[in-house]
A.B. asks: 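Below: one structure in structure tokens.
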Amino acid sequence: MKKINAFFLLILMIFISSIAFSQDNNNNNRSQKDKEPKEIKEPYFFWGGYLWFAFGSFDMVDINLILGNQLTERLSVGISGKYQYSNDKRFSYVSNSSFRTHSYGGSAFLQFAVVKDFREIIPGRMQSGLIAHAEYELLNTRYNYLYFNDLPETEKRYWLHNILLGGGYFQQMGKKAKTYVVLLWNVNKTDDNPYKYPQFRIGFTIAF
């Protein structure tokens, strides 16, 4: 009799333990789901930017901050602020010196997802696509007399009005973040614009 009672007690303990274990798993699953970021529906705001630096005959640090609005699944608009430090040593043989300057400005841009999700075309695990990019950039810079092989004009600063067009690739990183790579050409490049095109940018955005 004691053996039978012990047997039933053992079965009861296993049964209770299994119930407790399953409830604990359910609670953990719920808590994990609660912690997971919820998918954001359009329209929503996002922020982001990119950082680019290079050192050598042409030193450059380029910082760009972005604030935008995803209007639809395909269309987004935004503004950005830009700061750039450059030290150009490529033409130092002209005057035995380098050219240093700080440039700053801002831009307004528009992006359109030509392909919003490659998974609709090719099976895959992560959302990615192709974007078209258009941007108007207002940039205050200093006249690079070394680049143009002119007499020094060290104090002359002026505004560049650039119209940048191009496209690139983006990839969704989770439900809120994206990374992107774009290549942009300046269709309004003037004779006093020393910057090289196309521009290559790698950046990110995070929804909020």
Side-chain angles (χ1 to χ4, degrees), residues 21-55 60-84 103-139 161-189 195-208:
F21 181 77
S22 63
Q23 288 179 344
D24 186 57
N25 277 345
N26 291 334
N27 291 333
N28 288 336
N29 291 335
R30 289 195 197 99
S31 62
Q32 288 178 359
K33 289 180 180 178
D34 292 338
K35 290 179 181 179
E36 288 180 358
K38 296 181 180 179
E39 186 174 357
I40 297 180
K41 297 296 184 181
E42 299 80 9
Y44 61 82
F45 289 98
F46 60 84
W47 67 275
Y50 65 86
L51 171 66
W52 182 262
F53 54 89
F55 302 98
M60 184 181 69
V61 177
D62 191 358
I63 303 172
N64 197 295
L65 299 178
I66 293 172
L67 178 64
N69 192 322
Q70 187 74 36
L71 300 175
T72 68
E73 288 184 345
R74 293 182 181 270
L75 182 64
S76 64
V77 296
I79 57 175
S80 70
K82 181 185 185 75
Y83 168 78
Q84 184 183 88
S103 302
Y104 53 85
S107 66
F109 66 88
L110 180 148
Q111 281 188 351
F112 182 80
V114 180
V115 178
K116 66 177 183 178
D117 193 345
F118 271 124
R119 293 178 300 181
E120 298 176 358
I121 305 172
I122 304 172
R125 298 184 62 182
M126 300 186 70
Q127 181 183 354
S128 61
L130 297 178
I131 52 176
H133 184 103
E135 181 174 340
Y136 169 72
E137 179 184 63
L138 188 61
L139 187 63
H161 300 262
N162 301 322
I163 299 176
L164 307 175
L165 298 178
Y169 172 85
F170 78 89
Q171 182 166 298
Q172 193 77 31
M173 306 295 291
K175 295 182 179 180
K176 292 186 176 182
K178 291 180 183 178
T179 59
Y180 62 86
V181 178
V182 293
L183 202 61
L184 302 175
W185 285 262
N186 187 358
V187 299
N188 191 43
K189 186 178 179 182
Y195 297 98
K196 294 291 186 180
Y197 300 93
Q199 287 185 359
F200 179 69
R201 297 181 185 175
I202 302 175
F204 72 94
T205 63
I206 299 176
F208 65 92

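As the structure is a prediction and not an experimental result, all values here were calculated from the model. Hydrogens, waters and symmetry mates are skipped; everything else that's a heavy atom, side chains included, is used.
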A.B. asks: Could you tell me whether Gln172 atom CD has more than 12 heavy atoms of other residues or ligands within 6.0 Å of it?
C.D. replies: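 More than 12 within 6.0 Å, yes.
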A.B. asks: Considering all heavy atoms of both residues, which atom of Ala113 and which atom of Glu73 are nearest to each other, and what is their separation?
C.D. replies: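 Minimum heavy-atom separation between Ala113 and Glu73: CB-O, 4.5 Å.
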A.B. asks: Is it the case that more than 12 heavy atoms not belonging to Tyr136 sit under 6.0 Å from its OH atom?
C.D. replies: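 Above 12, so yes.
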A.B. asks: Quick check: does any side chain N or O of Lys189 sit under 3.5 Å from a backbone N or O of Tyr195, one acting as donor and the other as acceptor?
C.D. replies: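 Here the side-chain-to-backbone pair exists.
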A.B. asks: So how far is it from Leu165 CG to Leu184 CG, rounded to the nearest 0.5 Å?
C.D. replies: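 The CG atom of Leu165 sits 8.0 Å away from the CG atom of Leu184.
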A.B. asks: Within a strict 4.5 Å, meaning less than it, do heavy atoms of the Met126 and Met173 side chains meet?
C.D. replies: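 Met126 reaches Met173 side chain to side chain.
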A.B. asks: Is Tyr50 close to Asp62 at the side-chain level, that is, under 4.5 Å between some pair of heavy atoms?
C.D. replies: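 The answer is yes; the side chains approach within 4.5 Å.
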A.B. asks: Give me the one residue out of Val182, Leu164, Leu183 that meets side chain to side chain contact (heavy atoms under 4.5 Å, CB included) with Pro198.
C.D. replies: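 For Pro198, the side chain to side chain contact (heavy atoms under 4.5 Å, CB included) test succeeds with only one of Val182, Leu164, Leu183, which is Leu183.
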A.B. asks: Quick one: pull up CG in Asn162 and CD in Gln199 and give me the separation to the nearest 0.5 Å.
C.D. replies: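 Result: 7.5 Å between the selected atoms.
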A.B. asks: Only one of Thr205, Ile206, Ile66 forms a side chain to side chain contact (heavy atoms under 4.5 Å, CB included) with Trp47, so which one is it?
C.D. replies: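 Exactly one candidate clears the test, Ile206.
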A.B. asks: Please report the closest heavy-atom contact between Phe46 and Val77, naming both atoms and the distance.
C.D. replies: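 Phe46 and Val77 have their closest heavy atoms at CZ-O, 4.2 Å.
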A.B. asks: Can any side-chain N or O of Asn188 pair as donor or acceptor with the backbone N or O of His161 at less than 3.5 Å?
C.D. replies: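 Yes; at least one donor-acceptor contact below 3.5 Å.
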A.B. asks: Of all the heavy-atom pairs spanning Arg74 and Val115, show the shortest one and how long it is.
C.D. replies: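 For Arg74 versus Val115, the nearest heavy atoms are NH1-N, 4.3 Å.
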